[in-house]
Amino acid sequence: MLDMKYLRSNFSEVKEKLQYRGEDLSDLDTFGDLDERRRVLIAETEELKAKRNEVSQEISLLKKEKKDADNLILEMRQVGEKIKTIDTELKEVEENLEQLLLSIPNIPHESAPIGESEDDNVEVRQWGNVPTFSFETKAHWDIATGLDVLDFERASKVTGSRFVFYKGLGARLERALMNFMMDLHSDQHGYQEMLPPYMVNRQSMIGTGQLPKFEEDAFKIENWDYFLVPTAEVPVTNYYRDDILKGSELPKKYVAFSASFRSEAGSAGRDTRGLIRQHQFNKVELVQFVKPEDSYQVLEELTGNAEKVLQLLKLPYRVMSMCTGDLGFTAAKKYDIEVWIPSNDTYREISSCSNFESFQARRAGIRFRREEKGKPEFVHTLNGSGLAIGRTVAAILENYQQEDGSVVIPEVLRPYMGAIEVIK
RNA sequence: GGAGGAGUACCCAAGUCUGGCUGAAGGGAUCGGUCUUGAAAACCGACAGGGGCUUCAUCGCCCGCGGGGGUUCGAAUCCCUCCUCCUCCUCCA
């Protein structure tokens, strides 16, 4: 959510920057009228309330002296009616304004490249060498089926498409990655470990920006106003909803494991095979609450923390800076980390690291005080996958595949795999 | 699922039956001071925060006693509704 006062006094500048996102901004122009109307109504109702308060005191005194107050009471009865009328309209105006503000995307940071689509994203750096194979490589679903470590068919029977059973060393590999990532970030990178709820309420989904605009992307629990989390970002960021933190305890850094649930509405037919696009996948998520002046430096740090996972796994990747048209609704700046997937002959997103600045903090009411008695300010929030585990398994299966159909386990994972070196 | 009880400021806690200077008593914690070589104790003082409107900024005003609605000239106090927590029973990993 944008700051109403900022929007009021910098309207055309904000509008210009939002246009780089290429989204429909036709509603934006209703802001001026709503904002103006709101303030007029507030002035009116508050004046009447001040009068009512004053006269009610008088009435109280008159009653105490056993004097007649009927005229004043009659007068105030009318004032009360008027207040009620104005407040009804005010409430409606404020609701419209609120909905408008909740539907406006974040302002892109000046360092985000201007562009329309993913084709305009800018490569920031590359790491590792794309592997060459002396044999014909297989896609991870074929490798996994051959090794009997993933079962898509039975998952379709038991649940439906875009679900999977991990089996045997496949399940072990998933669990090893989870532990490896959690250990790395908590022990080496200074994040506090957290295991969040997998369902959240509507207010939390609004807080991080999934709602009100993208309800069709979420899984909603029937008869409850709860949603399956699309990412641990939602519960972990909302952990401090409506809180005021101490400046001295910032930055707060959390690493959370959770399953993530996505309806994948609008991507029917894409990545229908394999682990790349599932309705449910595991993910280790990094979340930070920081002071505004630190957030861009922290974005680099956090991205680096996620990259470290791939470096230790010796998986080649590149880092892309998302252009203004591909930033998503909430981010001011975003890096995607893309890992090499041989069967796709290209890099695929495995992590997304974003700086939301105060966008989520304002929606969720997450603030901090610099000084003991200081005025509360909004924190900046950031998060990034560290990493999506299913896609990491796909990357390992494919990049570490051998001619005989076996898969070598990356060295750093072996302690987590009971010292097994190869899945065969 | 059944039966009760409770949500008041950083924490504890009065006030709610009997609506009106209650912007809310009293403790504790915290901060400042006196005393002390220093500290503790004691004593003195400060301590509703937050949001909104207005303003160059102040001043001022409005809203805040779990959330939302209602009654009333006036609500922490009365009514409705939702949420959360606690106790007992039941169930259960």
Side-chain angles (χ1 to χ4, degrees), chain A residues 1-10 31-102 195-207 211-212 221 223-227 235 238-250 259 358-379:
Chain A
M1 193 155 66
L2 305 183
D3 178 15
M4 215 189 328
K5 286 179 184 162
Y6 184 82
L7 185 57
R8 184 185 301 151
S9 43
N10 302 278
F31 173 77
D33 286 345
L34 285 171
D35 180 48
E36 176 65 24
R37 186 74 190 137
R38 170 175 172 270
R39 286 186 288 156
V40 166
L41 291 171
I42 285 175
E44 284 177 12
T45 188
E46 287 194 352
E47 195 183 333
L48 292 172
K49 282 173 184 171
K51 179 163 189 194
R52 183 177 65 183
N53 288 344
E54 198 183 315
V55 175
S56 288
Q57 283 306 310
E58 283 179 42
I59 292 172
S60 170
L61 292 175
L62 286 173
K63 292 254 183 188
K64 221 170 249 176
E65 298 168 21
K66 306 275 185 202
K67 288 182 185 166
D68 175 64
D70 289 356
N71 283 339
L72 287 178
I73 289 175
L74 228 55
E75 195 186 328
M76 284 308 102
R77 195 173 291 170
Q78 298 197 343
V79 170
E81 290 302 315
K82 225 173 191 174
I83 290 173
K84 204 175 284 184
T85 309
I86 296 171
D87 278 350
T88 304
E89 190 188 345
L90 177 60
K91 198 182 160 193
E92 192 186 321
V93 169
E94 289 197 315
E95 261 164 30
N96 290 338
L97 195 55
E98 170 89 356
Q99 285 310 307
L100 174 65
L101 288 172
L102 286 175
L195 292 177
Y198 288 5
M199 292 184 205
V200 294
N201 58 32
R202 180 172 292 275
Q203 202 54 46
S204 293
M205 292 287 273
I206 290 171
L211 296 181
I221 307 298
N223 297 329
W224 294 71
D225 207 18
Y226 290 173
F227 299 82
N238 279 281
Y239 184 75
Y240 286 119
R241 175 146 51 82
D242 297 326
D243 256 328
I244 301 178
L245 307 170
K246 288 183 188 148
S248 57
E249 49 189 26
L250 297 180
S358 59
F359 188 82
Q360 292 182 325
R362 188 168 283 108
R363 288 174 159 249
I366 307 171
R367 296 177 292 172
F368 77 104
R369 274 189 242 274
R370 286 180 194 277
E371 316 288 342
E372 187 87 16
K373 296 281 177 192
K375 273 250 170 283
E377 300 171 50
F378 288 108
V379 300

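Below, chains carry the letters A, B, ... as their sequence lines are ordered, and counting in each starts from 1.
Note: CD (A/E46) to P (B/rG51) measures 15 Å, nearest angstrom. When the P atom of B/rG20 is taken as reference, atom CZ of A/R52 falls 17 Å away, rounded to whole Å. One atom, CG of A/L74, and another, P of B/rC73, lie 9 Å apart when rounded to the nearest Å.
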Its dot-bracket string being built from Watson-Crick and G-U pairs below 3.5 Å, with | for another strand and [ ] for crossing, RNA chain B has the pattern ((((((((.[[[..)....(.....]]].(((((.......)))))...((((......))))..[[[[[..)....]]]]])))))))....

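Remark: A/N53 is in phosphate contact with B/rC62, judged by side-chain N or O atoms under 4.0 Å from OP1 or OP2. Residue A/N71 places none of its side-chain N or O atoms closer than 4.0 Å to OP1 or OP2 of B/rC73. Using a 4.0 Å cut-off, some side-chain N or O of A/R8 falls inside it from OP1 or OP2 of B/rC53. Contact annotation: A/R77 does not reach the phosphate of B/rG74 (side-chain N/O to OP1 or OP2, under 4.0 Å). One finds a side-chain N or O of A/K84 lying less than 4.0 angstrom from the OP1 or OP2 phosphate oxygen of B/rU71. Residue A/R38 places at least one side-chain N or O closer than 4.0 Å to OP1 or OP2 of B/rC53.
Between A/I86 and A/L41 there is a side-chain heavy-atom pair separated by less than 4.5 Å.
A pairwise comparison of heavy atoms in A/Y240 and A/I366 identifies O-CG1, 3.4 Å as the closest pair.
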